[in-house]
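Heavy atoms only: backbone and side chains are in, while hydrogens, waters and symmetry mates are out. This is a predicted model, so every value here is computed, not measured.
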Amino acid sequence: TLFQKEQHEHSAAMHKARVEMASALAEAKQHRKAVMTAEQRCEQLVEETQELRNAYRKVESHHSDAQKKKGKLEAMVAAAQREVQQLKELLELAGVTGPF
């Protein structure tokens with residue numbers, strides 16, 4: 001009968017709608033999972049970036065300290081060289097000759 005045919009079509013349409021809804025729900029869950037994964041990765045990258053910045057600052061600080069120490073050592077070497085030269089001149093004035 002026509003009623004049974006309409007009832008069957010309605011039932012088929014409802015089944016199709018349920019299947020589509022279940023598929024959409026599964027897709028939404030996958031999307032939500034992907035978004036959560038992306039958010040976690042972003043947080044991880046922010047943390048890693050901060051760690052790299054901190055490491056860079058430490059390296060920069062150590063480099064600056066090393067540059068200062070290098071400058072002090074260079075000044076000490078220059079002072080020692082001047083002193084050696086002065087001592088050589090004094091020894092020569094005193095008439096001391098030697099391999100120096």
Report task. Please lay out, stage by stage, how Q50 and V46 fare under the test side chain to side chain contact (heavy atoms under 4.5 Å, CB included). Result -> CA-CA 6 Å; Q50 190 59 45; V46 166; 5.7 Å; no
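Atoms CD and CG, on Q85 and L90 in that order, are 10.5 Å from each other to the nearest 0.5 Å. Atom OG1 of T1 sits about 9.0 Å away from atom CD of E6, to the nearest 0.5 Å. The CD atom of E89 sits 10.5 Å away from the CG atom of L91 when rounded to the nearest 0.5 Å. E74 CD to Q67 CD: the interatomic distance, rounded to the nearest 0.5 Å, is 8.5 Å. Distance check: R18 CZ to H15 NE2 gives 8.5 Å after rounding to the nearest 0.5 Å. Here the straight-line distance linking atom CD of Q44 with atom OG1 of T37 works out to 11.5 Å at 0.5 Å rounding.
Using a 4.5 Å heavy-atom cutoff, the side chains of L73 and K70 are not in contact. Within the 4.5 Å cutoff, the side chain of E39 has heavy atoms near those of the V35 side chain.
Side chain of S64 to main chain of E60: no donor-acceptor pair is present (N/O by atom type, distance under 3.5 Å, no hydrogens or angles).
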